[in-house]
Amino acid sequence: MDKGLTTVGFDADDTLWHNERFFQLTQTYFAELLADHAEHDHLMERLLAAEKRNIRHYGYGIKGFTLSMIETAIEVTEDRVPARIIRQLIDAGQEMLAHPIELLPHARDAIEAVAKTHRVLLITKGDLIDQERKLAQSGLGELFDRVEIVSEKTPRTYEAIFSQHGDGPAASMMVGNSMRSDVVAPIQAGCWGVHVPHGLVWEIEQAETPTTSPRFRELCDLGDLAALVAEIP
Ligand SMILES: [Mg+2]
């Protein structure tokens with residue numbers, strides 16, 4: 001029997017709080033540290049390639065990013081990168097792991113409003129300890145019926161989570177800033193996919209907008225989410 005929409009999943013990074021800006025600031029610092037060793041665009045290309053190839057070993061998050069910076073520094077200097085620079089990269093990674101949580105507009109209100117009528121889940125990927133820290137500091141943890149920190153957001157991930165903690169993908173919606181992970185993957189699983197763009201997007205998270213899908217929606221910010229959820233039977 002069709003239950004209608006009963007469950008709403010929220011992404012965390014750059015949906016509820018700022019995240020990508022810390023990666024981009026550190027990336028700028030990385031480029032400065034290695035300015036004498038590599039041309040900027042080449043360095044960024046190599047870093048992105050390292051991040052892509054390392055995801056399967058380290059997963060998403062700051063730890064993997066830090067290791068990818070170190071690996072790239074070694075590569076572009078042909079093993080001659082000074083230990084001082086490695087030290088500075090490790091310090092930069094640790095600073096990222098302590099960055100303050102700054103909520104995005106309407107984050108708390110949107111979760112509270114939707115939670116009145118729907119089951120609300122947090123579904124995020126990244127380093128386990130770091131995601132737990134950010135959730136604790138955000139003060140939003142108690143609003144969710146369930147928190148899932150996963151290694152990858154594939155259609156199967158959503159199918160499993162929404163089947164176990166909801167009424168299945170068809171009765172579920174995912175809300176997030178990443179077109180690939182928070183919108184296209186849930187739509188492929190049979191969910192609603194709601195894109196809430198954030199100015200900064202990591203290249204790996206980009207995907208084509210699924211404009212022809214009847215279950216695709218886009219919002220300027222989370223302020224309009226409760227109204228959208230109310231519209232869907
Ligand atoms: Mg995100």
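Note that this is a predicted model, so its numbers are computed, not measured. For ligands, and for the atoms within them, numbers begin at 1 and follow the listed sequence.
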Charged N to carboxylate O below 4.0 Å: is that the case for Arg119 and Asp167? yes
A side-chain contact here means heavy atoms from C-beta on lying under 4.5 Å apart; do Val8 and Trp192 qualify? no
Between Tyr60 and Trp202, how do the two ring planes meet: parallel, tilted or perpendicular, split at 30° and 60°? perpendicular
Thinking salt bridges, do Arg53 and Glu71 make one under a 4.0 Å N-O criterion? yes
Knowing that exactly one of Lys134, Lys153, Arg21 qualifies, which makes a salt bridge (charged side-chain N to carboxylate O under 4.0 Å, His left out) with Asp13? Lys134
Determine yes or no for a side-chain-to-main-chain donor-acceptor pair under 3.5 angstrom, with Arg108 supplying the side chain and Gly139 the backbone. yes
What's the count of protein N, O or S atoms under 2.8 Å from the Mg ion (ligand 1)? 3
